[in-house]
> 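To start, I am sharing the structure in question, which I have written as structure tokens.
Any value given below was found using the heavy atoms of this structure, including those in side chains, with hydrogens, waters and symmetry copies removed.
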Amino acid sequence: MSEAALALSLFLHIVATAVWIGGILLIAFLVLPELNQALAEQPTLHRLLSRLRKRFNLIGNLALAVLIVTGLLQMSTDPNYEGLLRFSNRWSQTLLLKHLLIIVMALCGLFLQFAVAPALERASLLRERGKGDAEHWRRLQRRERQLTILVALLAIAVLAASAWLTAI
């Protein structure tokens, strides 16, 4: 890969990281706690969170796709890379750990995106119409918060693994 292509790949990787992980951390530690405190129990909260979730899912999924493509390109050009499924040095072992963290993070995100969020939206609509089970709704909210925090902590672990890879 040429120097210019590698520089472009690194740039896109950094931008996608800032968007994906930065967005996750911002939502988990700033947006959700503040919105939950300011709009607790109000129907507006659920509509707003749903809109934010849908918008971030689009941007976050695009950033994740860019991360995968640029990460694979960069991995293949690294002198520490010894080949597919070869983990004989610390760099490749750390990269494996990073990839496992990303996979768990993505699976948690998919579960949030395609299972918890739609269930929470349905429960919120039912509750707004006076037909929903408040306890079920609270359990879904709690699950959403727990998974969001887990994804954020995994994101921090991915950043730590990236720093370790750079140091090796």
Side-chain angles (χ1 to χ4, degrees), residues 11-72 74-75 87 93-167:
F11 172 75
L12 292 173
H13 199 78
I14 291 168
V15 170
T17 300
V19 169
W20 191 46
I21 291 182
I24 289 168
L25 296 176
L26 183 71
I27 289 168
F29 298 123
L30 182 66
V31 174
L32 286 178
E34 288 301 319
L35 286 178
N36 279 317
Q37 188 174 13
L39 300 173
E41 302 292 324
Q42 293 184 33
T44 308
L45 172 65
H46 312 295
R47 285 193 293 276
L48 179 59
L49 288 177
S50 177
R51 290 178 64 187
L52 284 172
R53 202 178 292 115
K54 287 176 184 170
R55 180 169 259 183
F56 181 73
N57 287 343
L58 176 66
I59 294 167
N61 291 341
L62 178 62
L64 180 57
V66 170
L67 282 169
I68 290 168
V69 170
T70 58
L72 289 172
Q74 291 167 38
M75 177 184 70
F87 309 109
Q93 293 162 0
T94 305
L95 186 63
L96 173 63
L97 173 64
K98 178 182 173 182
H99 288 164
L100 291 173
L101 289 168
I102 291 169
I103 289 168
V104 172
M105 191 177 157
L107 289 173
C108 289
L110 287 171
F111 184 68
L112 261 169
Q113 189 173 341
F114 294 110
V116 176
L120 188 55
E121 286 181 35
R122 282 189 301 277
S124 296
L125 285 172
L126 287 171
R127 200 152 178 263
E128 285 177 24
R129 295 180 180 140
K131 299 177 183 178
D133 177 12
E135 185 53 36
H136 175 65
W137 178 76
R138 279 195 268 300
R139 278 194 312 272
L140 287 169
Q141 273 195 313
R142 203 169 26 255
R143 186 173 297 142
E144 179 191 38
R145 274 194 304 274
Q146 291 167 342
L147 281 168
T148 300
I149 295 299
L150 176 60
V151 167
L153 293 174
L154 287 166
I156 291 168
V158 167
L159 290 177
S162 297
W164 187 255
L165 278 170
T166 303

> Please determine whether side chain to side chain contact (heavy atoms under 4.5 Å, CB included) holds for the pair His13 and Val66, giving the CA-CA distance in whole Å, both sets of side-chain angles, and the decisive distance to 0.1 Å.
CA-CA 7 Å; His13 199 78; Val66 170; over 6 Å; no

> Heavy atoms only: give me the nearest Thr148-Ala28 pair and the separation to one decimal.
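Looking at all heavy atoms of both residues, the shortest contact is CG2-CB, 3.6 Å.
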
> Supply the atom-to-atom distance Trp137 CH2 to Arg142 CZ, rounded to the nearest 0.5 angstrom.
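The distance works out to 11.0 Å.
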
> Nearest 0.5 Å, what's the CG-CD1 distance between Leu64 and Ile59?
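Output value for this atom pair is 14.0 Å.
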
> Would you find more than 12 non-hydrogen atoms of other residues, nucleotides or ligands less than 6.0 Å from Phe11 atom CZ?
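No, the 6.0 Å shell around CZ holds no more than 12 heavy atoms from other groups.
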
> Less than 4.5 Å apart, side chain to side chain, heavy atoms only: is that true for His136 and Leu126?
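Of all side-chain heavy-atom pairs linking Leu126 with His136, none is under 4.5 Å.
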
> Is any side-chain heavy atom of Arg51 less than 4.5 Å from a side-chain heavy atom of Lys54?
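Heavy-atom side-chain distance check fails, nothing below 4.5 Å.
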
> Between atom CG of Leu97 and atom CG of Leu165, what is the distance when rounded to the nearest 0.5 Å?
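Spacing of CG (Leu97) from CG (Leu165) equals 9.0 Å.
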
> Before you tell me yes or no, could you show the steps for Leu120 and Arg53 under side chain to side chain contact (heavy atoms under 4.5 Å, CB included), namely the whole-Å CA-CA distance, both residues' side-chain angles and the distance that decides it to 0.1 Å?
CA-CA 12 Å; Leu120 188 55; Arg53 202 178 292 115; 4.1 Å; yes

> For a quick test of reading the model, state the closest non-hydrogen atom pair linking Ala16 to Leu67 and the distance between them.
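For Ala16 and Leu67, the tightest heavy-atom pair comes out as CB-CG, 3.7 Å.
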
> Considering all heavy atoms of both residues, which atom of Val19 and which atom of Phe56 are nearest to each other, and what is their separation?
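Minimum heavy-atom contact is O-CE1, 3.8 Å.
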
> Got a second to check how far Leu52's CG is from Leu48's CG, nearest 0.5 Å?
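These two atoms lie 4.5 Å from each other.
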
> Atom CD of residue position Gln37 - does it have more than 12 heavy atoms of other residues, nucleotides or ligands inside 6.0 Å?
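Incorrect, the count does not exceed 12.
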
> If you measure from CD1 on Ile14 to OG on Ser162, what distance do you get to the nearest 0.5 Å?
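It is 10.5 Å, given to the nearest 0.5 Å.
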
> Please find the pair of heavy atoms, one from Cys108 and one from Val151, that lie closest to each other, and give the distance.
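Answer, listing the atom of Cys108 first, then Val151: CB-CG2, 3.5 Å.
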
> Is there side-chain contact between Ile102 and Ile68, with at least one heavy-atom pair below 4.5 Å?
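Not touching, per the 4.5 Å side-chain cut-off.
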
> Do you know the tightest heavy-atom contact between Ala119 and Leu140?
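Nearest heavy atoms, Ala119 then Leu140: O-CD1, 3.5 Å.
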
> Please assess Leu58 against Leu62 for the test side chain to side chain contact (heavy atoms under 4.5 Å, CB included), listing each intermediate value before the final yes or no.
CA-CA 6 Å; Leu58 176 66; Leu62 178 62; 5.9 Å; no

> Nearest 0.5 Å, what's the CG-CD1 distance between Leu32 and Ile149?
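Here the interatomic distance stands at 8.0 Å.
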
> Within a strict 4.5 Å, meaning less than it, do heavy atoms of the Ile103 and Leu107 side chains meet?
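The answer is yes, as the side chains (C-beta and beyond) meet within the 4.5 Å cut-off.
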
> Restricting to non-hydrogen atoms, name the atom on Gln93 and the atom on Phe87 that form the minimum distance, rounded to 0.1 Å.
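Shortest heavy-atom separation between Gln93 and Phe87 comes out as NE2-O, 3.0 Å.
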
> Is it true that, when you exclude Arg145 itself, more than 12 heavy atoms of the residues, nucleotides or ligands shown sit nearer than 6.0 Å to its CZ?
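Atom CZ in Arg145 is packed in, count exceeds 12.
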
> Between Ile21 and Val158, is the side chain to side chain contact (heavy atoms under 4.5 Å, CB included) condition met? List the steps.
CA-CA 9 Å; Ile21 291 182; Val158 167; 4.2 Å; yes

